[in-house]
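Values below: every heavy atom of this structure, side chains too, minus hydrogens, waters and symmetry copies.
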Amino acid sequence: MAFLNRLFNRKSKTELVSSQATQQQLRRSLTDPNPPTIASQRARTSSSDERDTFDIYAPSRLSRPRRVGCDFTRAKTSVESGSVRSSNSSAADPAYNIADGVKGQYRQLKPLHRSRLHTIMAAQDRSSKRTVVMKTVYKSRLSAAMRTKLESEVQHLRTLAGVPGVVQYLNHFEDDECFYIVLERCPGLTLIELIANCGGRLPEHVLVPYILIPLTLLLADLHRRGVVHRQLKPEHVLCCHESASITLVDFAEAVNAKQRCLNNRAGALEYMAPEVLDKPTAEEVFHQVLSRGISEEELPQYDEKADVWSLGALTYEALTGCQPFLADSPADMGALQRELLASSEPPSAPTTPSAAGGGSQRLFAGRSLSPEARSFLTQALQLDPTRRPSAEALLQHPLLRRYWTRYQDKQVALLASSSVGSVAAAAAAAEAGGAAAGAVPAVAVAPAPPPRALARPVWTEVGIAAVAATGSPMRGSVRGPTAVTPATACCGAPSEVAQANVLVAAPLQFSVR
Ligand SMILES: Nc1ncnc2c1ncn2[C@@H]1O[C@H](COP(=O)(O)OP(=O)(O)OP(=O)(O)O)[C@@H](O)[C@H]1O
């Protein structure tokens, strides 16, 4: 933990600003033979950061071409101009509705990130004083397809409200010029910043228990719900030291595979799975369906394994400091992936990590990775999605099992640091939820989705409830991320191991609405 403290504290000293430009620079520094230090990054941005103006990433300040910035003046003055629409409470309808004055509820603080289409601002809710993030999307630059995507993002964020690890949706509205989505302001650093702060790569003992395990748990949870994120990359994973949690942002490309076909290319090229690379774009799908009269179901599909590939690419980058695959086009990327993974052998059984990773020589050449890490990457980066394990199966991988105790210790430390009030509330909830049955009671008291501020304590409290109601603290050994479903936990004998598993599996199991 001391090591993590040092990593995260560096952020406050350097005052890194999350932005596409900064993050590109960070990534470049990871692959540079002579990477600029964080201090030099700071020197490059400090004068503008201190001014806290809208031009902090003016093109002239960047050594590399970037997309043209937005017209912030217009965004700023739009507060007063025209009507403002706000969301209603119906989760089924993400339409932006009229409600004058909603935008005035938020005081814009500073930009965190901007692209051609939108900007992401830190803002403050004037009534609650809560710091939030406001995604402002410029209507004039939005195509019909993009608007649909935006509505789908809101829909997903609302459906996933309260799921630990998913950025919390707070509000959405529009005025004449922009759409606005208000989200919780996730604390901490993006994974790419964390990697940079750590000198270019993360040690396995930091990455696996604090980031990879929670991220794999979250993916397994999302996939169980049918949601495929499709844009998993280090910039979208926010890592918070204080709450020892990760948060996934940007659900713009997310799709619920139970409701919609996954047949179009989406996501960031560097993290895109081979089976996604050769798919048509959303526009091409649209035209194919229109012009050829075929239904979407007839087009080639892919599934949630695409996220598992991205997880593998992200893990490789975090451990080595280099992106595994870099190419300029989907075709080149496909060829590169095949070339680097050509010698890949069928994945070894998860129980024999030392035997795994024998293939993929080119990808791993010169990389110092443990046998378990090589095995994990070999499996997650399987070219054939049918041979790639699911996120849930990866939870049983030796790499994750090796650090499971450390992950669990972190959860127990969180339990210990929870307030007395939380314990009392959780114990009361446990009692109300059937603690009298003597079985693991937490299952019966899975709480309603909480406000995001409570998202982490939810499963913590559930765990506390389990411990409090059974009178058994975390004593027994934990066998790892055994998939304990509420049903099996209820029916099975409430052994210490079962309790511990419920506690450990809580982030995965108790977030269901
Ligand atoms: N809720 C949030 N809390 C804190 N920071 C955030 C939040 N949402 C986004 N960010 C920051 O803004 C950056 C960009 O966010 P996001 O990916 O949603 O925007 P984007 O324009 O869609 O990015 P891209 O298109 O490059 O993927 C993130 O990498 C992160 O640094």
Taking all non-hydrogen atoms of both residues, which atom of [X] and which atom of [Y] are closest, and how far apart?
X    : Y    : result
E372 : P398 : CG-CB, 4.1 Å
L394 : P389 : CD2-CG, 3.6 Å
L238 : G188 : CD2-O, 4.1 Å
A373 : L319 : CB-CD1, 4.0 Å
V167 : E184 : CA-OE2, 3.5 Å
S390 : V308 : C-CG2, 4.1 Å

Quick check for you: to the nearest 0.5 Å, what is the distance between [X] atom [atom1] and [Y] atom [atom2]?
X    : Y    : atom1 : atom2 : result
T315 : E204 : OG1   : CD    : 10.5 Å
L191 : L248 : CG    : CG    : 11.0 Å
L194 : C239 : CG    : SG    : 5.0 Å
Q379 : R374 : CD    : CZ    : 13.5 Å
L157 : K135 : CG    : NZ    : 8.0 Å
M121 : R185 : CE    : CZ    : 11.0 Å

Check whether any side-chain heavy atom of [X] sits under 4.5 Å from a side-chain heavy atom of [Y], and report yes or no.
X    : Y    : value
I181 : V137 : no
L326 : Q323 : yes
Y210 : L202 : no
L222 : V228 : no
C240 : I246 : no
H156 : V166 : no

query = So S375 and H397, side-chain hydrogen bond (donor to acceptor under 3.5 Å, both in side chains) or not? Walk me through it.
reply = CA-CA 9 Å; S375 162; H397 190 277; 2.8 Å; yes

task = Could you list all the salt bridge (charged side-chain N to carboxylate O under 4.0 Å, His left out) pairs where at least one residue sits in residues 256-277, not counting sequence neighbours?
result =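 The answer is E275-R388.
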
key: Qualifying salt bridge (charged side-chain N to carboxylate O under 4.0 Å, His left out) pairs with a residue from residues 303-314, counting only residues at least two apart or across chains   =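 Non-adjacent pairs meeting salt bridge (charged side-chain N to carboxylate O under 4.0 Å, His left out): zero.
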
Apply side chain to side chain donor-acceptor pair (under 3.5 Å) to [X] and list each qualifying residue two or more places apart in sequence or on a separate chain.
X    : value
N256 : none
Q124 : R107
S143 : none
E298 : S295

Donor-acceptor pair, [X] side chain versus [Y] backbone, under 3.5 Å?
X    : Y    : result
R141 : R116 : yes
E153 : L150 : no
T216 : E392 : no
Q301 : L299 : yes

inquiry  = Pairing donors with acceptors under 3.5 angstrom, does anything connect the side chains of E193 and T190?
reply    =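 Side-chain D/A pair, E193 to T190: present.
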
inquiry  = Side chains of H113 and T119: any donor to acceptor distance under 3.5 Å?
reply    =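 Judged by distance alone, the side chains do not pair up.
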
With sequence neighbours left out, write down each residue that passes side chain to side chain contact (heavy atoms under 4.5 Å, CB included) with [X], or none if nothing qualifies.
X    : result
S310 : L232, Y271
E253 : K149, R230, Q231, A266
R367 : Y316, T320, C322, L369
D278 : none

task = Go through N171 and Y106 one step at a time and tell me if the side-chain hydrogen bond (donor to acceptor under 3.5 Å, both in side chains) criterion holds.
result = CA-CA 11 Å; N171 198 357; Y106 302 100; 3.2 Å; yes

request  = Decide if the gap between the ring center of F251 and the ring center of H229 is smaller than 6.0 angstrom.
outcome  =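 Centroid separation for F251 and H229: below 6.0 Å.
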
request  = Can you tell me which residue pairs pass the ring-ring contact (aromatic ring centres under 6.0 Å, His included) test with a partner in residues 281-310, sequence neighbours excluded?
outcome  =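 Found W309-F325.
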
key: Charged tip of K139 within 45° of F179 ring normal and under 6.0 Å   =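 Output yes; distance and angle both within limits.
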
